[in-house]
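Values below: all heavy atoms of this structure, side chains included; hydrogens, waters and symmetry mates excluded. Keep in mind the model is a prediction, meaning the values are calculated, not measured. Residue numbering restarts at 1 for every chain, and letters A, B, ... go by the order of the sequence lines.
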2 protein chains.
Amino acid sequence: MTDVFKAIADETRRLLLDELLERDEQTLFELCSKLAMRHGLTPTRQAVSQHLSVLEQAGLVRAERRGRYRLHTIDTAPLAQISERWPQREAPR
Amino acid sequence: MTDVFKAIADETRRLLLDELLERDEQTLFELCSKLAMRHGLTPTRQAVSQHLSVLEQAGLVRAERRGRYRLHTIDTAPLAQISERWPQREAPR
DNA sequence: TTGACAGGCAAGCAACCACTTGCCTATTGT
DNA sequence: ACAATAGGCAAGTGGTTGCTTGCCTGTCAA
């Protein structure tokens, strides 16, 4: 539970979720280049790999080996807990 | 935006939001004792004060001086961005 | 008015985190 | 077979963070 919140506390990881939301089953290299192309971020491959591990441990991403590729898939289910925990209401003036 | 995610990445701060959701306009000391009574946490007053500052800077809490008291109020509006950013869908098998 | 109460400021510290570097394993194509 | 490709492991590092300690300010009640 804490893992989910800590996972999305990082901007790079949020961007990774965005990319996976747009298209599932992306490899590490694909995600790396997407970060560079579309967001101007150039972390090393290992850095991105570690981010994906964090997301995976939080249950937000699932990875599947296929040949020499490792395909990553998003799972937004854990995020539902957030809106459940603090339901929306009016902000007091 | 990043502030909101980082704010709720901490368990103590999430508990503070829980308490404020149950009752608004609580003082620092009230929140301290609630953490102790109901959750077994005994951070110092300053620690809790710093947590409240983080929540305030994230727009999740508003504080108002009244006499020698400082009353804290929750604002869950920023949390709505989360469910907006990653809409729910089925997890792939 | 003065002590008690509610809170604020700032420095110091240990743990954590994002990131890099260097090297290694496994799979694929030619 | 072997080079290229995709990814993994682990140690090291600088910056951030959560927390404490010590002292100070402002407000209220007796």
Is any side-chain N or O of R70(A) closer than 4.0 Å to OP1 or OP2 of dG8(D)?
-> yes

Starting at the 5' end of DNA chain D and moving along, which residue's nearest nucleotide shows up first, R45(B) or E30(A)?
-> E30(A)

Between H51(A) and R68(A), just flag the one whose closest nucleotide in DNA chain C comes earlier from the 5' side.
-> H51(A)

Provide, to the nearest angstrom, the distance between the OH atom belonging to Y69(B) and the P atom belonging to dG7(C).
-> 8 Å

Under-4.0 Å side-chain N/O to phosphate OP1/OP2 contact, S49(A) with dG8(D) = yes

So do L28(B) and Y69(B) actually touch side chain to side chain, heavy atoms under 4.5 Å?
-> no

Can you check the H72(A) NE2 to dA6(D) C1' distance for me, whole Å?
-> 11 Å

Could you check A47(A) against R65(A) and say which one's nearest nucleotide on DNA chain C is further toward the 5' end?
-> A47(A)

Euclidean distance, atom CD of residue Q50(A) to atom P of dG22(C) [Å, nearest integer] = 16 Å

Begin from the C-alpha positions of L17(A) and V61(A) and carry the test side-chain contact (heavy atoms from CB on, under 4.5 Å) through to its verdict.
-> CA-CA 8 Å; L17(A) 289 181; V61(A) 162; 4.0 Å; yes

Out of E30(A), E56(A), E64(A), which one pairs with R70(A) under the salt bridge (charged side-chain N to carboxylate O under 4.0 Å, His left out) rule?
-> E56(A)

Can you figure out which of dA6(D), dC19(C), dG18(D) approaches the side chain of F29(A) most closely?
-> dA6(D)

Taking the side chain as every heavy atom from C-beta outward, state whether H39(A) and E19(A) have any atom pair closer than 4.5 Å.
-> yes

Is the charged tip of R45(B) near the ring of F29(B): under 6.0 Å from the six-membered ring centre and within 45° of its axis?
-> no

Determine: side-chain N/O of T44(A) to OP1/OP2 of dT20(C), distance under 4.0 Å, yes or no.
-> yes

Can you find a donor-acceptor pair, distance only, under 3.5 Å between Q46(B) side chain and dG18(D) base?
-> no

Separation of atom CD in E25(B) from atom P in dA6(C), rounded to whole Å = 17 Å

Between dG26(D) (P) and L28(B) (CG): distance, integer Å | 18 Å

Report the distance from atom CZ of R13(A) to atom P of dC17(C), rounded to the nearest whole Å.
-> 9 Å

To the nearest Å, give me how far apart CD (Q26(B)) and P (dA6(C)) are.
-> 14 Å

Could you tell me the separation between the NZ atom of K6(B) and the P atom of dG18(D), rounded to a whole number of Å?
-> 9 Å

Hey, does R66(B) reach any base, or is it just sugar-phosphate, or nothing, if we go heavy atoms under 4.0 Å?
-> nothing

